[in-house]
Amino acid sequence: MDEQYLNNLPYYEHLTELQKNLIAERWQIKKYQKGNVIHGCSDECLGQIYMLKGLVRICIISEEGREITLFSLRQNDTCIMSASCVISQITFETQMIAEEDCEMLVLSAGVVAQIAEENIHIKCYMYELLTKRFSTVMWVMQEILFKGFDVRLASFLISEYKRTGSREIRMTHEQIAQYTNSAREVVARMLKRFSYDGYLEYKRGKITLTDIEALYDLK
């Protein structure tokens, strides 16, 4: 693996030279096209991933087929949610879906287990990352259970505005429904209401935020 990628790993400075060499030899670069399922509920343990580019959505799927989006991964994000064979405390299965063409570095579960066993700094980092992800999961569940969809949609639109720095959000109703854990029809109705109230304008595949302060007030 290129040295520049190693330097970007959050725990790089705590690795021994042997561990650095091991990781450099065992990382794989994998590419996925938009729509690919990167890791499914019945797949073997994937290990740790480090995002180079693209967008990945992490979700769980009920027996009835309903998806609940937990969080997303973008460039420079790291994830171990697919490493249940390494961290026994991961007791539910997630699915990873490429929302854009993406490229990532994948460290096999065996190497992850080895360096975590040898290096307490790495093990602590993994548990801290796991705690952060589960905190996000709990926030998502609280949003679903205790907040109306108008508040959830406003929060999502504001988060996209903050992330991109643009008032234009180029997403379909179906995509927004996936990220807000709702139905496409519900998204369409709420966007229509927001448009009527003057919060935004929307055309097919594009939303323009016109009153961001009003959206903040809904939160």
Side-chain angles (χ1 to χ4, degrees), residues 32-41 51 53-77 79 81-82 92-102 129 131-219:
Y32 299 90
Q33 294 182 334
K34 180 179 179 179
N36 286 168
V37 176
I38 298 170
H39 181 262
C41 298
M51 293 290 295
K53 66 178 181 180
L55 173 64
V56 172
R57 183 168 60 92
I58 314 297
C59 63
I60 54 176
I61 302 178
S62 70
E63 293 182 357
E64 295 77 22
R66 183 190 174 191
E67 292 185 7
I68 296 180
T69 297
L70 303 178
F71 56 89
S72 301
L73 300 174
R74 295 179 171 84
Q75 186 176 11
N76 298 328
D77 282 340
C79 186
M81 290 293 284
S82 58
F92 64 91
E93 296 289 346
T94 58
Q95 189 169 77
M96 307 173 67
I97 302 170
E99 293 295 298
E100 301 173 357
D101 291 347
C102 58
L129 180 60
T131 299
K132 177 181 177 182
R133 296 304 184 198
F134 272 104
S135 177
T136 301
V137 170
M138 290 304 299
W139 179 83
V140 169
M141 296 305 173
Q142 287 178 328
E143 290 278 303
I144 294 173
L145 292 172
F146 303 122
K147 291 189 178 181
F149 184 65
D150 57 341
V151 177
R152 285 158 50 199
L153 180 58
S155 296
F156 173 75
L157 295 174
I158 290 171
S159 68
E160 285 298 295
Y161 165 69
K162 288 181 177 179
R163 184 180 68 84
T164 64
S166 173
R167 290 175 176 263
E168 289 190 359
I169 299 173
R170 295 186 175 274
M171 299 180 76
T172 65
H173 292 177
E174 182 65 31
Q175 289 173 315
I176 295 174
Q178 289 174 339
Y179 281 102
T180 56
N181 297 306
S182 187
R184 184 182 60 81
E185 295 78 11
V186 176
V187 171
R189 287 198 298 269
M190 193 59 66
L191 286 176
K192 185 175 181 180
R193 197 192 98 181
F194 280 7
S195 177
Y196 178 81
D197 291 337
Y199 302 162
L200 54 81
E201 296 175 353
Y202 74 93
K203 298 179 181 178
R204 189 175 185 85
K206 185 179 80 170
I207 297 168
T208 303
L209 306 182
T210 54
D211 194 341
I212 294 174
E213 291 301 321
L215 292 173
Y216 270 106
D217 289 342
L218 282 178
K219 290 180 64 178

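In terms of heavy-atom proximity, Leu209 sits nearest to Leu157 at CD1-O, 3.9 Å. In terms of heavy atoms, Cys102 sits closest to Gly54 at CB-CA, 3.7 Å.
Note that OG1 of Thr180 is 6.5 Å distant from CG of Leu153, once rounded to the nearest 0.5 Å. In this structure, CZ in Arg184 is found 7.0 Å from CD in Glu174, a value given to the nearest 0.5 Å. Note that the CG atom of Leu218 and the CD1 atom of Ile158 stand 8.0 Å from one another [nearest 0.5 Å]. Annotation: the span from Phe146 atom CZ to Arg152 atom CZ amounts to 12.5 Å, rounded to 0.5 Å. Rounded to the nearest 0.5 Å, atoms NZ (Lys132) and SG (Cys79) are 10.5 Å apart.
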Donor-acceptor contacts under 3.5 Å from residues 191-198 side chains, at least two apart:
none

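A search for side chain to side chain contact (heavy atoms under 4.5 Å, CB included) contacts involving Val186 returns Phe149, Ser182, Ala183, Arg189, not counting sequence neighbours.
Between the side chain of Gln175 and the backbone N or O of Thr172 there is at least one donor-acceptor pair closer than 3.5 Å. Under the 3.5 Å distance criterion, the side-chain polar atoms of Ser155 are matched with a main-chain donor or acceptor of Val151. With hydrogens and angles disregarded, a donor-acceptor distance shorter than 3.5 Å links the side chain of Thr164 to the backbone of Ser166. Side-chain N or O atoms of Arg170 include none that pairs as donor or acceptor with a backbone N or O of Lys206 at under 3.5 Å. In this structure, the side chain of Thr210 engages the main chain of Tyr199 through a donor-acceptor pair within 3.5 Å.
Side-chain contact between Gln178 and Ile68 is absent, with no heavy-atom pair separated by less than 4.5 Å. Contact annotation: the side chain of Tyr179 approaches that of Met171 to within less than 4.5 Å [non-hydrogen atoms, C-beta and beyond]. Under the 4.5 Å side-chain criterion, counting only non-hydrogen atoms from C-beta, Leu73 is in contact with Ile58. Annotation: side chain of Tyr202 is in contact with side chain of His173 (closest heavy-atom distance under 4.5 Å). Residues Asn76 and Met51 are not in side-chain contact: their nearest non-hydrogen atoms beyond the backbone lie 4.5 Å or more apart. The shortest side-chain heavy-atom distance between Leu200 and Asp211 does not fall under the 4.5 Å cut-off. For the pair Ile176 and Phe156, the minimum side-chain heavy-atom distance is below 4.5 Å. By the 4.5 Å heavy-atom criterion applied to side chains, Leu55 and Ser72 are counted as neighbours.
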Checklist entry - Given the rule in the side-chain contact (heavy atoms from CB on, under 4.5 Å) test, do Asn36 and Ile97 qualify, once you have shown the distances and angles that lead to the verdict? => result CA-CA 6 Å; Asn36 286 168; Ile97 302 170; over 6 Å; no

Checklist entry - Going through the checks in order, is the side-chain contact (heavy atoms from CB on, under 4.5 Å) test met by Val37 and Gln95? => result CA-CA 7 Å; Val37 176; Gln95 189 169 77; 3.8 Å; yes

Checklist entry - When you look at Leu70 and Ile60, which way does the side-chain contact (heavy atoms from CB on, under 4.5 Å) test go after all the steps? => result CA-CA 7 Å; Leu70 303 178; Ile60 54 176; 3.8 Å; yes

Item to check | Trace of the side-chain contact (heavy atoms from CB on, under 4.5 Å) decision for Tyr161 with Glu168 | outcome: CA-CA 8 Å; Tyr161 165 69; Glu168 289 190 359; over 6 Å; no

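When each of Lys34, Arg57, Arg74 is tested with Glu99 by the rule salt bridge (charged side-chain N to carboxylate O under 4.0 Å, His left out), just one qualifies, namely Arg57.
For Gln33, the CD atom is loosely surrounded, since the number of other residues' heavy atoms within 6.0 Å does not exceed 12.
The existence of a salt bridge linking Lys203 and Glu201 is excluded, since no basic side-chain nitrogen approaches an acidic carboxylate oxygen closer than 4.0 Å.
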